[in-house]
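Below is one structure, written out as structure tokens; the observations come after it.
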Amino acid sequence: MKLGKEFYINGEVTDLAKELLGKYLYVNNSVLTAGKIVETEAYSYKEKACHAYNNRFTKRTSIMFEEGGVAYVYTCYGIHSLFNIVTNKKGIAEAVLIRAIEPMVGQEVMKHRRGGNSDIASGPGKLTQALGISKKHNGTFLTEKEIWIESGIKVDDELIGRSKRIGVDYAEEDAKLEWRFFVKNSPFVSH
DNA sequence: GCAATGATTTACT
DNA sequence: GTAAATCATTGCC
């Protein structure tokens, strides 16, 4: 069942990041592809690792201030597109980064998009490549029919791992926040 | 206009 | 384990 807007608007961003584990991410751009979310990270205007830290409002971050339920896609290291889900109410800049999925639908297409590599979506840049997500999806409503989330299996609390976020060492004390969530023992989380 | 720098991946030693 | 690839965004001049 497709998640409605209310899911993205209510609740703490860290709780949402955790709840997204086990749900299904669908992308339909000419071909339908989907996977189970197995790794996420939370970002908030309250901490330094976030692009919109301290309500920093630029052309890029403006999308994070929108109402929850839209996609925030941006380019990292000039090469990779990273896919985030904007959460919370309009004016509150928070988002969940999707870091890894377990391929479920359209695996052959995803593998082909990844250059035949069987390591399909174990990382934020890999996942967008496999699903065909690019910057043109920035601002896409997840309540529409191009990208959406469906409720999946509930991941048992005991199977949810928690750690510091990846690649945010520059964020000083906020780099220590344990805002990364992943499914324990899953071979599909990032390396 | 210009220089600095990543919410990464890949290939190599 | 380490390093190169590679460019949009940002902030400052």
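Keep in mind it's a predicted model, so treat the numbers as computed, not measured. Every chain is numbered from 1, with letters handed out A, B, ... down the list of sequences.
- Considering only residues two or more places apart in sequence or on other chains, K90(A) meets the side-chain hydrogen bond (donor to acceptor under 3.5 Å, both in side chains) condition with E66(A).
- H51(A) places its NE2 atom 11 Å from the C1' atom of dA8(C), with the value rounded to the nearest Å.
- Atom CZ in F57(A) sits 12.0 Å away from atom NZ in K59(A) (nearest 0.5 Å).
- Legend: salt bridge (Lys or Arg N to Asp or Glu O under 4.0 Å) pairs involving residues 177-191 of chain A, not counting sequence neighbours, sorted by first then second residue: E39(A)-R180(A).
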I'd like a table of donor-acceptor pairs (distance under 3.5 Å, sequence neighbours excluded) in which one partner is a side-chain atom from residues 137-144 of chain A, with atom names and distances.
unit_1: H137(A); atom_1: ND1; unit_2: S134(A); atom_2: N; d: 3.0
unit_1: H137(A); atom_1: ND1; unit_2: S134(A); atom_2: O; d: 3.2
unit_1: H137(A); atom_1: NE2; unit_2: E146(A); atom_2: OE2; d: 3.3
unit_1: N138(A); atom_1: OD1; unit_2: V73(A); atom_2: N; d: 2.9
unit_1: T140(A); atom_1: OG1; unit_2: H137(A); atom_2: O; d: 2.7

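- The hydrophobic cluster around W179(A) extends to L177(A), counting ILVMFWY residues whose side-chain heavy atoms fall within less than 4.5 Å of a member.
- Contacts of R165(A) with the nucleic acid, taken as non-hydrogen atoms under 4.0 Å apart, are absent.
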Please output the side-chain donor-acceptor pairs of residues 75-89 of chain A that fall under 3.5 Å, not counting sequence neighbours, one pair per line with the distance.
unit_1: N84(A); atom_1: ND2; unit_2: Y72(A); atom_2: O; d: 3.2
unit_1: N88(A); atom_1: ND2; unit_2: E94(A); atom_2: OE1; d: 2.9

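- To the nearest 0.5 Å, the span separating NZ on K48(A) from CD on E172(A) amounts to 3.5 Å.
- Side-chain atoms of F65(A) and I92(A), non-hydrogen and from C-beta on, never get closer than 4.5 Å to each other.
- Not one N or O on the side chain of N54(A) forms a donor-acceptor pair closer than 3.5 Å with the backbone of R56(A).
- Non-hydrogen atoms lying under 4.0 Å from DNA chain C are contributed by nothing in residues 87-114 of chain A.
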Tabulate protein N/O versus nucleotide N/O from nucleotides 11-13 of chain C, keeping only pairs under 3.5 Å, one per line.
unit_1: dG11(C); atom_1: OP1; unit_2: R56(A); atom_2: NH1; d: 2.4

Under the 3.5 Å Watson-Crick or G-U criterion, the dot-bracket string of DNA chain B, with | for inter-strand pairs: ||||||.|||||.

Under 3.5 Å donor-acceptor pairs involving side-chain atoms of residues 114-124 of chain A, not counting sequence neighbours:
unit_1: R114(A); atom_1: NE; unit_2: D119(A); atom_2: O; d: 3.2
unit_1: R114(A); atom_1: NE; unit_2: I120(A); atom_2: O; d: 3.1
unit_1: R114(A); atom_1: NH1; unit_2: Q129(A); atom_2: OE1; d: 2.9
unit_1: R114(A); atom_1: NH2; unit_2: D119(A); atom_2: O; d: 3.0
unit_1: N117(A); atom_1: OD1; unit_2: D119(A); atom_2: N; d: 2.9
unit_1: D119(A); atom_1: OD1; unit_2: S122(A); atom_2: OG; d: 2.5
unit_1: D119(A); atom_1: OD2; unit_2: S122(A); atom_2: OG; d: 3.4
unit_1: D119(A); atom_1: OD2; unit_2: K126(A); atom_2: NZ; d: 2.9
unit_1: S122(A); atom_1: OG; unit_2: K126(A); atom_2: NZ; d: 3.4

Validation: residues 6-32 of chain A side-chain donor-acceptor distances under 3.5 Å, sequence neighbours left out:
unit_1: N10(A); atom_1: ND2; unit_2: E6(A); atom_2: O; d: 3.0
unit_1: K23(A); atom_1: NZ; unit_2: E19(A); atom_2: O; d: 3.2
unit_1: N29(A); atom_1: ND2; unit_2: G132(A); atom_2: O; d: 3.0

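- Side-chain contact check for E41(A) versus I166(A): some heavy-atom pair is nearer than 4.5 Å.
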Would you tabulate the nitrogen or oxygen pairs shorter than 3.5 Å linking the protein to nucleotides 3-6 of chain C?
unit_1: dT6(C); atom_1: O2; unit_2: Y77(A); atom_2: O; d: 3.1

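- Put simply, the side chain of V168(A) reaches to within 4.5 Å of the side chain of Y43(A), judged on heavy atoms.
- Between the side chain of D174(A) and the backbone N or O of A49(A) there is no donor-acceptor pair closer than 3.5 Å.
- Across all strands shown, H191(A) has no heavy atoms under 4.0 Å from either base or sugar-phosphate atoms.
- Annotation: the span from R99(A) atom CZ to I37(A) atom CD1 amounts to 13.5 Å, rounded to 0.5 Å.
- When DNA chain B is scanned 5' to 3' for any atom under 4.0 Å from a heavy atom of chain A, the first and last hits are dG6(B) to dT10(B).
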